[in-house]
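Down below is the structure, laid out as structure tokens.
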Amino acid sequence: VDAFGKNKGDQVDLNKISNIQTSGREISETERVPETKYLIRRTSTSIKEYSNSIPYTGKLENLSTFNITQPIQKVLRDDQIKVMDTTVATEAKLTKMKYVPTGVTAGSFEATSSTISATATENFKVFHLKEIVDRAIEDYVPPAVGGPDGAYVLVGTRKLLRSLFDDPDYQEWQKYTTGKPLLTGEVGKLYRTRLVETNHTGALTKVPSSTKVLGEGLFYGDDALVEA
């Protein structure tokens, strides 16, 4: 949030703008230009502080034969990444739309921010990705990556992406398409979606406890999350 800074308080108000209410239309020469509006929905987010440290003494620093700050910075930076990954994933999983693969060419959408009722009975395939992308386009969800290469983003566990890569439909698609990676961790592109791999099982589980089907994923469009 660009407006946040020193002495601004710990709460930031955010505006969510809807699509235009009435589309434009043809008018006659003397007709008044029609008027319409858009809706503004206001929400807010609170600023929270995260911290961690590794203490060490001056004696250790003075007597050590190597630079002790380097490994400390390395492991703290790694911890920071994992903590933020988990925080983002926890919020993202509160999405009001979820998708569950229930067959090789079947799946179900559930409009709920709580636990889903359906059980995944099939690994993630190209068919399922297409279903999600088609639904996003039909619901006017703008892509996460703008510009002429506008694309959605799927962040998935290694197991989820492997089940996608093993799909013959994916292998056939990749014979004729190549894409330059734009995102950290990007491992491929398919059906207007950039595929990003994560091995952080604290953020996305590798094997859900209620099923043998492997892996979770998060599908993003534009303005998916707010970060302050």
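If you read the sequence from its start, that first residue is 1, and numbering goes on from there. Values below: every heavy atom of this structure, side chains too, minus hydrogens, waters and symmetry copies.
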From Leu190 CG over to Phe165 CZ, what is the distance, rounded to the nearest 0.5 angstrom? 9.0 Å
Any side-chain heavy atom of Val196 within less than 4.5 Å of one from Val153? yes
Are side-chain heavy atoms of Asp169 and Lys125 found at a separation under 4.5 Å? no
Could you go through residues 53-66 and list every donor-acceptor pair under 3.5 Å that involves a side-chain atom there, pairing it with any protein atom two or more places apart or in another chain?
from  : atom 1 : to    : atom 2 : distance (Å)
Thr57 : OG1    : Leu60 : N      : 3.2
Asn62 : ND2    : Gly58 : O      : 3.0
Ser64 : OG     : Phe66 : N      : 3.3
Ser64 : OG     : Phe66 : O      : 2.9

So Val126 and Leu164, side chain to side chain contact (heavy atoms under 4.5 Å, CB included) or not? Walk me through it. CA-CA 6 Å; Val126 171; Leu164 185 64; 3.9 Å; yes
Within the structure provided, determine whether Pro34 and Ile27 are in side-chain contact (heavy-atom separation under 4.5 Å). yes
Trace of the side chain to side chain contact (heavy atoms under 4.5 Å, CB included) decision for Lys37 with Ile20: CA-CA 6 Å; Lys37 62 182 180 179; Ile20 202 166; over 6 Å; no
Shared ILVMFWY cluster between Ile81 and Leu76, side chains joined below 4.5 angstrom? no
Identify the two heavy atoms, one from Ala106 and one from His128, that lie closest to each other, and give their separation to 0.1 Å. O-NE2, 3.2 Å
Let me confirm one number: the CG-CG distance from Leu195 to Leu129, rounded to the nearest 0.5 Å. 6.5 Å
How long is the gap from CD on Glu131 to CZ on Phe109, to the nearest 0.5 Å? 6.0 Å
To the nearest 0.5 angstrom, please state how far the CG atom of Leu218 sits from the OG1 atom of Thr198. 9.5 Å
So, Lys98 and Glu216, do they make that salt bridge, N to O below 4.0 Å? no
Identify every side-chain donor-acceptor pair in residues 132-142 under 3.5 Å, counting partners at least two apart or on other chains, and give the distances.
from   : atom 1 : to     : atom 2 : distance (Å)
Asp134 : OD1    : Tyr191 : OH     : 2.8
Arg135 : NE     : Asp139 : OD2    : 2.9

Starting at CD of Gln70, measure out to CD1 of Ile72 and round the result to the nearest 0.5 Å. 11.0 Å
Compare every heavy atom of Ala203 with every heavy atom of Ala89, then report the nearest pair and how far apart it is. CB-O, 3.5 Å
Any non-hydrogen side-chain atom of Asp167 less than 4.5 Å from a side-chain atom of Phe124? no
Asp166 atom CG, over 12 foreign heavy atoms within 6.0 Å: yes
Are Val83 and Leu204 connected, step by step, through hydrophobic side chains (Ile, Leu, Val, Met, Phe, Trp, Tyr) whose heavy atoms are closer than 4.5 Å? no
Applying side-chain contact (heavy atoms from CB on, under 4.5 Å) between Glu122 and each of Thr102, Thr105, Val104, report the one that passes. Val104
Members sharing Ile40's hydrophobic cluster, built from side-chain contacts under 4.5 Å between Ile, Leu, Val, Met, Phe, Trp and Tyr, are Ile17, Tyr38
Test side chain to side chain contact (heavy atoms under 4.5 Å, CB included) on Leu161 and Val187 and set out the steps. CA-CA 9 Å; Leu161 293 178; Val187 292; 3.9 Å; yes
What are the two closest heavy atoms between Tyr220 and Ala92, and how far apart are they? OH-CB, 3.8 Å
Over all atoms of both residues, closest heavy-atom pair of Arg192 and Pro143: NH2-CG, 3.5 Å
Can you confirm if the aromatic rings of Tyr152 and Phe219 lie within a centre distance of less than 6.0 Å? yes
To the nearest 0.5 Å, tell me how far Leu154 CG sits from Leu160 CG. 6.0 Å
Atom of Arg194, atom of Ala151 and distance for their closest heavy-atom approach: CG-CB, 4.1 Å
Determine which pairs satisfy salt bridge (Lys or Arg N to Asp or Glu O under 4.0 Å) with at least one residue from residues 62-84, sequence neighbours left out, and list them in order. Asp78-Lys82
Can you tell me if CZ on Arg25 sees more than 12 non-hydrogen neighbours from other groups inside 6.0 Å? yes
Holding to ring pair (Phe, Tyr, Trp, His ring centres under 6.0 Å), I want the full list of residues that pass it with Phe127, two or more places apart in sequence or in another chain. none
With sequence neighbours left out, what residues match Arg158 under salt bridge (Lys or Arg N to Asp or Glu O under 4.0 Å)? Glu197
